[in-house]
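In what follows, a structure is listed as structure tokens, so that the remarks can point back to it.
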Amino acid sequence: MRATDWIKSPVDMGNASVCFKKRVCLDRRVKRAEISISAIGLFRAEVNGKRVGDDLLTPGMTGYHNRVQYMTYDVSEHIGDAACAEIAITAAPGWAVGCFGFDGGDKTYHDHYAINAKLTLTLADGSERVIYTDESWVAETSPVIYSDIYHGEEVDYTAVPRVLGNAVLDESAHKFPLVPQVGADIREQERVAPVALIVTPKGERVIDFGQNLTGYAEFTLAGKRGERIRISHAEVLDRDGNFYNDNYRAARDCHLTFVLDGTQRVMKPVFSFQGFRYIRLDEYPEGEIDLGAVRAVVVHSEMKRTGRIVTGNPKINQLYHNTIWGQKSNYLDVPTDCPQRDERLGWMGDAQVFCRTAAYNFDVRKFFEKWLGDMRLEQWPDGALAGTVPEKLIKHGPSRVSAAWADAATIIPTELYRMYGDKKVLEDNFEMMRKWVEYQHHAGEEEFLWLGGYHYGDWLAMDAGADSFVGATSTNLIGSAFFAYSTDLLIRAGEALGKDMTEYRAMYRNIVKAFRERFMENGMPRVKIDMPATMEREKLRGEEEQRIGMTQTAIVLILHFGLCTEEERPALVDKLVELIDGFDGLMATGFVGTPYILHVLARGGRADVAYRLLLEERNPSWLYSVNHGATTMWEHWNGIKEDGSFWSKSMNSYNHYAYGSVCDWLYGVAAGISADEEQPGFRHILLAPVPSRELGFMNVSLDTVQGRVESNWYYKGDQIFFEFTVPAGATASLCLPDGYRATLSEGTYHFVTKA
């Protein structure tokens, strides 16, 4: 691929797709044919009328100013013994040129889409012929007359192709660096049949697929020439049973439209995707609606399922189901926050809190290899990282540098190393980790604390009021706690790589000392945290003065990040339980505290309280959404209120996977399968299940890089029966609830203890 070979349409077609064509005549038999293709925007290719590859939304979403992937395909069979090679590459705006980001603006990275291709023909005599994109290619209109990631797609099958002229060299695209494909392919994964055709109180015809998902609707029918299928998308119905998608914000006008030509065909979008459970038939051919002709196609990045959980509690099983579908819905090239509204950004906070659960559920190595690479390229010279990667506002500087969000730079490589045991993830990302820690070191008002800044805080916590976006916990405390945690993770990564981390060990001791002096007193968080006299109040936007240190999340971070002494732990756990009881027996935590709260309770000897929170059904709780019909995780604990009304229109996704991070507790504590940090990649397995009679039983399997690990337990009378499987090449340290310990090697083992 050459940076000089970008071509564009001679006519700006806006959001309509253009097909670039080239005919290559062959005077000798082709032995092998290979084509490499990229786009600023999206592409789909055919050679001799046969589709090239089965991947979608290529070349994926990157920070295009940093790199653009190109895909390479073997197209030998497409050419075979043909006398000519007819190449057709259709392009569309995609993320790079179409609407993208909060403001609904378009042309984020370029003001038009362009393609770059190279066809390499190895002929029978061993000679080679190479065809590049240039001005000899012809541009034509395509049936895709409108396409946008947020706003959907319109395909007119009656449209007659119209030649626009020869392609034009796009010299302004030379700035986009081309790299071979790094990320996992995006593909169609499953098809979901409708469960019902609903006529709402407003008279709308709505198809319910029974599952919130990411992908698109597919129709198989003919209809009459000129008839249209036009649909809208939604995740939920309102309390009256009517179609509702106000929470899609600017993307609520996302439509799929197909103009029929009377030919039986399979119809689906080419360059767009949606998040939905319901579709409304705004227009549809006359006659009875055949649900057998309609499917929802599930689309996400290729990743192998590795973990499975089944318990004796149907609601916990649904919670796990919702977590799996939340991951499938949001692992589409980048770890998006949500797949439906005018956002779909690679939010770092969501990604880091869920990363361990993600790696239990699926093999996510390839997925994160690409995204961490994007993260490295987006990092600023001073080490700063914005809240999203790729960062739309990169040309203006990082939009918001926040603790717990940018700490994805240290947390995700650590979690991947822990789960898969490959040091390459640390080698590739060590410098990014180090630069991020150095940014924290110099970002605050004091050397060893991160004071000041504009953070997301304990996002969507309930302890600052049910309608607050940011919780009550001091963001100075959160920032400084994550500064300590990231420094600790950097040290561990460096030592795993054989580096001298003496300097950072000294820094870490100073951070912990400074944290304890400012934020703790007598082994407890301070209730009121004084602002530094030098701090400019406008930097805090006023909120920090209202935040406190004595919160559930503050204690959770102190315990989980090891910012207390071992002697202080029992009292801190007791205080955490007291705060839970004082909040009517409920969690008050948000994105920052929730992932760790069950862990610190179980480790502190209060697994009973951890299970109580897990099984809680009032708001806020994990099972609240289950009881309200959720099939994926919600953004807000109470996205739908008890009276059926909605939390808000502006920020209320019903497919937001972050709170699914609870499942790493189900795998790692309830089932007791975790990797030994000293021997990562499950070479040495820690088996320490914490059963609960309220779950009844638990069957968990995990396909690790060493092989399958299983942990099963169930209650029978006053006994608990356990069964474990350890794969070849691994060992396991077993610890049962009654204190029994053993070292296990390959095989299957059975144990019985008193309940």
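Computed over heavy atoms, backbone and side chain alike; hydrogens, waters and symmetry mates excluded. Everything numeric here is computed off the predicted structure, so don't read it as measured data.
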Taking [Y]'s backbone N and O only, do any of them form a donor-acceptor pair with [X]'s side chain (distance below 3.5 Å, no angle check)?
| X | Y | value |
| --- | --- | --- |
| Asn116 | Ala39 | no |
| Glu153 | Tyr146 | no |
| Thr58 | Gly60 | no |
| Thr133 | Ile7 | no |
| Gln379 | Gly383 | yes |
| Thr388 | Glu391 | no |
| Asn48 | His78 | yes |
| Glu154 | Asp156 | no |
| Asp261 | Arg225 | no |
| Thr414 | Thr410 | yes |

Does any pair with a residue in residues 416-425 pass side-chain hydrogen bond (donor to acceptor under 3.5 Å, both in side chains), and if so which ones, sequence neighbours excluded?
-> Lys424-Asp428
Please find the pair of heavy atoms, one from [X] and one from [Y], that lie closest to each other, and give the distance.
| X | Y | result |
| --- | --- | --- |
| Ser38 | Pro59 | OG-CG, 4.1 Å |
| Thr220 | Gln264 | CG2-NE2, 3.8 Å |
| Arg341 | Arg344 | O-NE, 3.1 Å |

Listed partners of [X] passing salt bridge (Lys or Arg N to Asp or Glu O under 4.0 Å), at least two apart:
| X | answer |
| --- | --- |
| Asp170 | none |
| Lys22 | none |
| Asp703 | Arg708 |
| Lys370 | Asp333, Asp374 |

Does [X] qualify as a cation-pi partner of [Y], given the criterion of NZ or CZ under 6.0 Å from the six-membered ring centre and within 45 degrees of its axis?
| X | Y | value |
| --- | --- | --- |
| Arg230 | Phe258 | no |
| Arg2 | Tyr132 | yes |
| Arg51 | Tyr73 | no |

Do Glu302 and Gln189 pass the side-chain hydrogen bond (donor to acceptor under 3.5 Å, both in side chains) test, and can you show the C-alpha distance, the side-chain angles, and the key distance before you say yes or no?
-> CA-CA 8 Å; Glu302 197 73 17; Gln189 304 288 345; 3.1 Å; yes
Got a salt bridge between [X] and [Y], using NZ or NE/NH1/NH2 to carboxylate O under 4.0 Å?
| X | Y | result |
| --- | --- | --- |
| Arg376 | Glu431 | no |
| Glu34 | Arg32 | yes |
| Asp12 | Lys8 | no |
| Arg191 | Glu218 | yes |

Are the side chains of [X] and [Y] in touch, meaning some heavy atoms are under 4.5 Å apart?
| X | Y | value |
| --- | --- | --- |
| Tyr331 | Pro335 | yes |
| Leu121 | Leu26 | yes |
| Arg492 | Glu495 | no |

Residues at least two apart in sequence or cross-chain that pass ring-ring contact (aromatic ring centres under 6.0 Å, His included) with Tyr216, listed by chain then number, are none
Those residues that, when tested against Phe20, pass ring-ring contact (aromatic ring centres under 6.0 Å, His included) (two or more places apart) = none
What do the steps show when you test Tyr657 against Thr336 for side chain to side chain contact (heavy atoms under 4.5 Å, CB included), and what is the final call?
-> CA-CA 9 Å; Tyr657 65 97; Thr336 57; 5.6 Å; no
Return the set of residues passing side chain to side chain contact (heavy atoms under 4.5 Å, CB included) with Pro10 (not counting sequence neighbours), or none when no residue passes.
-> Ala139, Leu164, Val168
Checking side-chain hydrogen bond (donor to acceptor under 3.5 Å, both in side chains) for the pair Asn361/Arg305: CA distance, chi angles, key distance, verdict?
-> CA-CA 6 Å; Asn361 290 337; Arg305 181 77 177 268; 5.6 Å; no
Could you name each residue pair satisfying salt bridge (Lys or Arg N to Asp or Glu O under 4.0 Å) that touches residues 174-186, not counting sequence neighbours?
-> Asp185-Arg187
What pairs of residues pass the salt bridge (Lys or Arg N to Asp or Glu O under 4.0 Å) test when at least one of them lies in residues 109-133, not counting sequence neighbours?
-> Arg28-Asp125
Are Asn655 and Ser329 close enough, and set up right, to give a side-chain hydrogen bond (donor to acceptor under 3.5 Å, both in side chains), and what steps lead you there?
-> CA-CA 7 Å; Asn655 199 345; Ser329 296; 3.0 Å; yes
All side-chain hydrogen bond (donor to acceptor under 3.5 Å, both in side chains) counterparts of Arg29, not counting sequence neighbours = none
Qualifying residue, where the test is side-chain contact (heavy atoms from CB on, under 4.5 Å) with Leu56 and the options are Leu42, Val299, Leu332, Val297 = Val299
What's the spacing between Gln274 CD and Leu213 CG if we round to 0.5 Å?
-> 10.5 Å
CE-OG distance between Met71 and Ser36, expressed to the nearest 0.5 angstrom = 11.0 Å
Mind running side chain to side chain contact (heavy atoms under 4.5 Å, CB included) on Leu490 and Arg434 for me, showing each step along the way?
-> CA-CA 7 Å; Leu490 175 68; Arg434 188 195 65 78; 4.0 Å; yes
Would you check, one step at a time, whether the test side-chain hydrogen bond (donor to acceptor under 3.5 Å, both in side chains) holds for Asp407 with Trp436?
-> CA-CA 8 Å; Asp407 290 284; Trp436 169 241; 2.9 Å; yes
Sequence neighbours left out, cut at 3.5 Å: what donor-acceptor pairs do the side chains of residues 83-96 make with other protein atoms?
residue, atom, partner, partner atom, Å
Glu86, OE2, Arg23, NH1, 2.0

Could you tell me if the ring centre of Phe176 sits under 6.0 Å from that of Tyr64?
-> no
